[in-house]
Amino acid sequence: MHNKAATSNDARANYFQKLGKTGLADIEAIEIDWMPEVMKYSDLLAPVPADLKGRWLDWKEKGATDSEGNLIGYGTDIGPEGVCYRSDLFAAAGLPTDRDEVAKLLQGDWANYFKVGADYTAKTGKAFFDSAGGTYQGMINQVEAAYENPDSGKIDISPDVEKIYNEVLDASATQSAHLGQWSDDWMAGLSNGAFATMLCPGWMLGVISGNAKDVTGWDIANVFPGGGGNWGGSYLTVRANAVTVSPFKGQFYFQINDAMQKALTRVEDGTQDKAASWSQWKSEVDAIK
């Protein structure tokens, strides 16, 4: 028997409310963005058997290994990224549809990706990508230390964050379908042609096939703007025999990035302009410190 959380936020809240107490399942799935918070309580979790070490990529194991060398998370997947595209919509816009040709078209930096998007939008009057939030996630995942200092663990916002925020919202004004990822409208957009491209970690293919099973136009190109990128991935953890837990003082990535996704959404849905939403996000980050 398994329990399914509605969102990663819900799963995270449930996990930390119950960790070290009662109520968690024997095996809990952990999303990679809040795994650093889990590592603060590695002593409450059962280590993965030593003979299983070495079966994952080095960085996947490192992210779940505590200071004593215990591997406390069983890696389930990673999310290397490509670009998914609707070949039928590309054809209607006079763009190439072959995977290799699309890869050549999108090869380069994010400026080139948005340049192709501007061309597509000018020719069709339709959105090129799904949302600012989804695109931002792919871009920010290429920044080595976006929100925190790796040495001190303190919040330290990289200048790249504001640069990416502005770049993606400037493109979003004309190229985005303004459909927040995982919303009902976004799910519908996978099949109704609301957008022509989206950033695609490997696990996203299952989302597309599950929500656009009657659409034959979706394809994936082996390319990612700005170089490689990884989005997502999970671990499985097992509860140890601990009965107490210290007050939670987690790492900050998940909280800051979640606030950023809300900031991007406020601009896309017209609730706030770009400057006001950025200012609110900065205030929210300051409140976390």
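Start at 1 with the first residue, then count along the sequence.
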Tell me if the [atom1] atom of [X] is crowded by more than 12 foreign heavy atoms within 6.0 Å.
{"X": "D269", "atom1": "CG", "result": "yes"}
{"X": "K104", "atom1": "NZ", "result": "no"}
{"X": "D286", "atom1": "CG", "result": "yes"}

- Query: How far apart are the C-alpha atoms of D258 and N9, what are their side-chain angles, what is the distance that settles it, and do they pass the side chain to side chain contact (heavy atoms under 4.5 Å, CB included) test?
  - Reply: CA-CA 9 Å; D258 189 55; N9 298 61; 3.1 Å; yes

- Item | NZ/NE/NH1/NH2 to OD/OE distance under 4.0 Å, K115 and D119 |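 Between D119 and K115 there is no salt bridge, as every charged N stays at least 4.0 Å from the carboxylate O atoms.
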
- Query: Between E37 and R12, is there a salt bridge with N-O shorter than 4.0 Å?
  - Reply: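 Salt bridge between R12 and E37, a charged N being under 4.0 Å from a carboxylate O: yes.
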
Quick check: does any side chain N or O of [X] sit under 3.5 Å from a backbone N or O of [Y], one acting as donor and the other as acceptor?
{"X": "S209", "Y": "G206", "result": "yes"}
{"X": "Q142", "Y": "P225", "result": "yes"}
{"X": "D160", "Y": "A146", "result": "no"}
{"X": "E162", "Y": "P159", "result": "no"}
{"X": "E148", "Y": "F252", "result": "yes"}
{"X": "N211", "Y": "V207", "result": "yes"}
{"X": "S87", "Y": "G217", "result": "yes"}
{"X": "N192", "Y": "M187", "result": "no"}

- Task: Given side-chain hydrogen bond (donor to acceptor under 3.5 Å, both in side chains), test Q261 with Q137 step by step and report yes or no.
- Result: CA-CA 9 Å; Q261 289 292 329; Q137 194 63 53; 3.2 Å; yes

Close side-chain approach of [X] to [Y], heavy-atom, < 4.5 Å:
{"X": "E101", "Y": "T97", "value": "no"}
{"X": "V223", "Y": "V102", "value": "no"}
{"X": "L45", "Y": "L19", "value": "yes"}
{"X": "M204", "Y": "P201", "value": "yes"}
{"X": "W110", "Y": "F224", "value": "yes"}
{"X": "I140", "Y": "V143", "value": "yes"}
{"X": "Y136", "Y": "M139", "value": "no"}
{"X": "L105", "Y": "N112", "value": "no"}

- Message: Walk me through whether S176 and L169 qualify under side chain to side chain contact (heavy atoms under 4.5 Å, CB included).
- Response: CA-CA 9 Å; S176 172; L169 285 177; over 6 Å; no

Which value, rounded to the nearest 0.5 Å, describes the distance between [X] atom [atom1] and [Y] atom [atom2]?
{"X": "Y41", "Y": "D66", "atom1": "OH", "atom2": "CG", "answer": "14.5 Å"}
{"X": "T197", "Y": "Y85", "atom1": "OG1", "atom2": "OH", "answer": "11.5 Å"}
{"X": "L179", "Y": "D185", "atom1": "CG", "atom2": "CG", "answer": "6.0 Å"}
{"X": "T121", "Y": "K123", "atom1": "OG1", "atom2": "NZ", "answer": "11.0 Å"}
{"X": "Y147", "Y": "I155", "atom1": "OH", "atom2": "CD1", "answer": "11.0 Å"}
{"X": "K274", "Y": "D170", "atom1": "NZ", "atom2": "CG", "answer": "3.5 Å"}

Give the minimum heavy-atom separation between [X] and [Y], together with the two atoms involved.
{"X": "V168", "Y": "A132", "answer": "CG2-O, 3.7 Å"}
{"X": "G73", "Y": "M35", "answer": "CA-CE, 4.2 Å"}
{"X": "Y253", "Y": "N141", "answer": "OH-OD1, 3.6 Å"}
{"X": "A194", "Y": "A127", "answer": "O-CB, 3.5 Å"}
{"X": "R86", "Y": "L190", "answer": "NH1-O, 3.8 Å"}
{"X": "A196", "Y": "W218", "answer": "O-CZ3, 4.2 Å"}

- Quick one: ring-ring contact (aromatic ring centres under 6.0 Å, His included) pairs with a partner in residues 261-281, sequence neighbours left out?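 Passing the test, one end in residues 261-281: Y165-W278, W278-W281.
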
- Would you check, one step at a time, whether the test side-chain hydrogen bond (donor to acceptor under 3.5 Å, both in side chains) holds for E268 with S131? CA-CA 8 Å; E268 286 211 306; S131 67; 4.9 Å; no

- Query: Mind checking whether L205 and M198 sit in one hydrophobic cluster, side chains of I, L, V, M, F, W, Y counted as touching below 4.5 Å?
  - Reply: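 No, it is not one cluster - the side chains of L205 and M198 are not joined through contacts under 4.5 Å.
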
- Message: As a quick check of understanding, evaluate side chain to side chain contact (heavy atoms under 4.5 Å, CB included) for T135 and D130, giving each step before the final call.
- Response: CA-CA 8 Å; T135 308; D130 56 345; 4.3 Å; yes

- Evaluate the side chain to side chain contact (heavy atoms under 4.5 Å, CB included) criterion for residues I220 and I208: first the C-alpha distance (whole Å), next the side-chain angles of each, then the deciding distance (0.1 Å), finally the verdict. CA-CA 11 Å; I220 186 167; I208 294 174; over 6 Å; no

- Message: The criterion is ring-ring contact (aromatic ring centres under 6.0 Å, His included); which residues satisfy it with F128, sequence neighbours excluded?
- Response: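 Per chain and number, F128 pairs via ring-ring contact (aromatic ring centres under 6.0 Å, His included) with Y113, Y120.
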
- Listed by chain and number, what are the salt bridge (charged side-chain N to carboxylate O under 4.0 Å, His left out) partners of K163, not counting sequence neighbours?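 Residues passing salt bridge (charged side-chain N to carboxylate O under 4.0 Å, His left out) with K163: E167.
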
